[in-house]
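We use all heavy atoms of the structure for the numbers below, so side chains are in, but hydrogens, waters and symmetry mates are not. In what follows, chains carry the letters A, B, and so on, assigned in the order in which the sequence lines appear, proteins first and then strands, with residues in each chain numbered from 1.
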Amino acid sequence: MLSLKSKYRTHTCGELTEKNVGETVTLSGWVHRKRDHGSLLFVDLRDNYGITQCVFDGGDENLEKIHPESVIKITGTVVARDAEAINDKIPTGHIEIKSGKWEVLTNADVLPFPVFGDEDTGEELRYKYRFLDLRREKLHNNILMRNKMIKWMRDKMWDLGFSEFQTPLLTADSPEGARCFLVPSRLNHGKFYALPQAPQMFKQLLQVSGFDRYFQIAPCFRDEDLRSDRLLEFYQLDVEMSFVDLPDVQAVGEEVIPELIKTFAPDANVYPEIPHISFDDAMLKYGSDKPDLRNPILISDVSEIFRGSDFGIFANAVENGSVVRAIPAPNSADKPRSWFDKLTDYATKELGLGGLAYIVFGDEPKGPVAKKLDAERIAKLHEIAGDNSSLFFVCDEEEKAAKAAGKLRNKLGADLGLVNPRDFAICWVDNFPFFEPDEDRGGAPKFTHNPFSYPIATLEELSTKDPFTIKAAQFDMVINGIEMCSGGLRNYNPEIMKKCFDIAGYPIEAVEKNFSALYTAFKYGAPPHGGFGFGIDRLISEILGTGESLRETVAFPANQRGQDLLMGSPNEVTEQQLRDVHIKIRNKG
RNA sequence: GGGGUGUUAGCUCAGCUGGUUUAGAGCGUCUGCCUGUCACGCAGAAGGUCGAGGGUUCGAGCCCCUUACAUCCCGCCA
């Protein structure tokens with residue numbers, strides 16, 4: 001490594017130990033904290049590498065007055081601390097600098113919020129002074145860990161034989177679903193570039209060009225409303241491979257991800273199995289296309305148990321095509337009434353359900369539902385729920401019931417403490433339907449995923465089978481209920497591509513127009529290929545356990561309105577700048 | 001576009017059912033004291049248009065309306 005020595009320092013604030021006792025050293029850094037004992041002054045000096053205590057015997061009037069976070073240079077002698085003065089919390093805690101000279105390099109004003117300590121501060125203030133926020137221990141470490149993880153991923157991909165590419169950021173709008181960010185072109189009147197939602201087309205073109213194994217730490221942009229789990233601009237570990245089948249692509253994910261987690265979260269318990277769960281199964285048993293497998297609760301369909309029963313609301317709904325899903329809550333039979341009331345409240349307010357039916361299987365089955373059902377039906381439900389438990393019911397049209405049941409499952413898992421946050425449960429969700437009904441077009445088929453996916457069907461099957469039974473060669477990797485990755489095999493066959501677009505209601509010309517580059521490329525010899533993109537920010541966040549927000553893993557994130565409060569972006573531009581790019585601002589509304 | 005929650009000192013927050021003076025606490029800041037602290041300690045001081053505007057009331061930080069901003073969720077989004 002390059003020496004960190006300079007005229008400002010002989011050592012960093014994190015490296016001095018008992019071995020250095022007696023040396024004269026110079027350190028530079030931020031005044032982290034002062035402890036003024038009158039004629040004895042302690043200064044904790046901090047830099048990127050650590051904290052070193054400097055002691056001024058006899059005190060120092062000028063230094064006593066300096067504000068925390070001022071940057072100073074100190075020269076002094078390394079001395080061993082007395083046994084009772086050793087601080088085991090920091091690596092440099094066995095020594096201190098008995099200081100002779102010091103000088104201010106830059107002064108700090110009084111801080112808008114403390115750098116020292118971990119007191120919560122509002123995001124608005126933190127983002128306005130992000131440079132201060134980034135000095136705080138936790139965020140500073142997050143960013144350093146992000147660096148290390150990205151380097152690890154890059155090295156790993158190189159080791160696996162992939163080549164690293166860059167692709168354009170100023171490119172064309174691509175048909176992936178999300179809105180693109182647009183950039184006006186000065187040289188081309190009335191035309192716009194789009195920032196990529198992902199380098200999808202480029203990485204496929206690189207396959208057609210014969211590069212065989214592609215990866216990129218790729219910036220991606222989507223102009224959609226933000227959430228704590230979505231960033232304005234985010235990064236994907238973007239991968240594409242030629243001459244592969246689904247298992248070959250997934251093998252790369254299985255090679256990289258568990259090892260990444262174990263490397264950067266040594267305390268983590270990574271489940272050894274990575275099960276494959278079909279989309280249909282995921283929706284039924286977990287009520288989600290991103291199941292959290294740490295949660296042991298499994299949902300069941302109990303529509304048939306309620307069909308023809310005296311529980312009229314459900315029985316009628318089932319006759320009219322609705323389904324009933326049951327969510328068992330283990331060891332909850334002795335919960336107080338208020339616990340059930342709170343869940344009912346959650347179901348009605350958050351999930352928009354009419355109410356929440358449940359049976360408590362304590363000494364004997366209890367609850368309004370239980371009274372309406374005969375013994376045989378109760379027995380079947382008891383078997384699903386298990387002893388000393390309760391069983392919750394959601395009744396609605398299938399998709400809504402599944403999703404509501406899934407949310408209830410998550411809620412119960414959290415409330416009952418069934419989920420260990422340092423467990424990592426990885427799974428593949430696959431066998432997605434290739435087409436889904438488009439409500440805007442009277443239920444006609446539309447692409448479920450992006451139109452790049454390959455259908456698991458021959459040309460003939462595409463013509464003869466019910467489109468809604470066709471599955472996609474497409475998968476997600478889900479970790480702890482978070483969608484980390486999406487990938488699959490690509491549609492590289494112009495004939496099959498045309499057929500798929502035909503079924504989805506697009507004229508052939510639309511393929512040639514929207515997919516011009518790929519469609520043309522595929523006519524000159526395209527290898528079968530597939531790949532995936534991992535959400536790097538989500539991976540980092542989950543591995544670090546930062547909890548709530550992806551923004552805690554990014555040095556300069558935008559706020560929820562897509563603004564950077566430090567740089568003041570987005571901002572207004574001058575009339576001349578607008579004229580240069582041929583743009584006129586429309587009035588609001 | 002819709003909904004929840006919030007906005008009180010530089011920061012984090014308390015402030016009960018509308019009525020204890022001059023709206024409080026901790027941290028920070030400032031002043032003084034302190035030779036072994038490491039969240040140092042002790043004493044004191046400054047610091048407030050209670051987001052803004054309007055209303056109800058004898059009386060509003062608290063109730064109502066409008067509005068701004070923040071944050072989270074739904075819609076949207078891989």
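Computed from coordinates, the A/Lys403 NZ to B/G75 C1' distance equals 12 Å when rounded to whole Å. Nucleotide B/U12 holds its C1' atom 11 Å from the CG atom of A/Leu125, rounded to whole Å. Rounded to whole angstrom, the span from the CG atom of A/Asp88 across to the C1' atom of B/U37 amounts to 15 Å. In this structure, A/Leu226 atom CG and B/C72 atom P are separated by 10 Å, rounded to whole Å.
Side-chain nitrogen and oxygen atoms of A/Arg227 include at least one within less than 4.0 Å of the OP1 or OP2 phosphate oxygen of B/C74. In this model, the phosphate group of B/U35 is approached by a side-chain N or O of A/Ser39 to a distance below 4.0 Å at OP1 or OP2. Taking side-chain N and O atoms only, A/Arg551 has a distance below 4.0 Å to OP1 or OP2 of B/C72. The side chain of A/His67 places an N or O atom within less than 4.0 Å of a non-bridging phosphate oxygen (OP1 or OP2) of B/C30.
Taking the P atom of each, B/A9 and B/C50 are spaced 10 Å apart, rounded to whole Å. Comparing the same atom, C1', in B/U29 and in B/G75 gives a spacing of 47 Å after rounding to whole Å. Nucleotides B/G26 and B/A68 place their P atoms 38 Å apart, quoted to the nearest Å. B/C13 and B/U8: their P atoms are spaced 9 Å apart (whole Å). Going from the P atom of B/G32 to that of B/C73 covers 49 Å, rounded to whole Å. With P as the reference atom, B/G36 and B/A46 are 31 Å apart, rounded to whole Å. Across B/G15 and B/C62, the matching P atoms stand 14 Å from one another, rounded to whole Å.
A distance below 6.0 Å separates the ring centres of A/Phe447 and A/Phe501.
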- Reading RNA chain B 5' to 3', what string of ( ), [ ], | and . shows its pairs, if Watson-Crick and G-U wobble pairs count only when both distances fall under 3.5 Å? (((((((..((((.....[....)))).(((((.......))))).....(((((..]....))))))))))))....

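Because its NZ or CZ atom is not both nearer than 6.0 Å to the ring centre of A/Phe556 and within 45° of the ring axis, A/Arg130 does not count as a cation-pi partner of that residue.
Looking at residues 559-568 of chain A, you'll see A/Asn559, A/Gln560, A/Arg561, A/Gln563 sit with a heavy atom under 4.0 Å from some atom of RNA chain B.
No hydrogens or angles were tested; on distance alone, a donor-acceptor pair under 3.5 Å links the side chain of A/Glu96 to the base of B/G36.
Stacking between A/Phe42 and B/U37 is present: the aromatic ring centre lies within less than 5.5 angstrom of the base six-membered ring centre, and the two planes differ by under 30 degrees.
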- Item | Heavy-atom protein contacts under 4.0 Å, nucleotides 38-43 of chain B, coded B base, S sugar-phosphate only, - none | BSB---

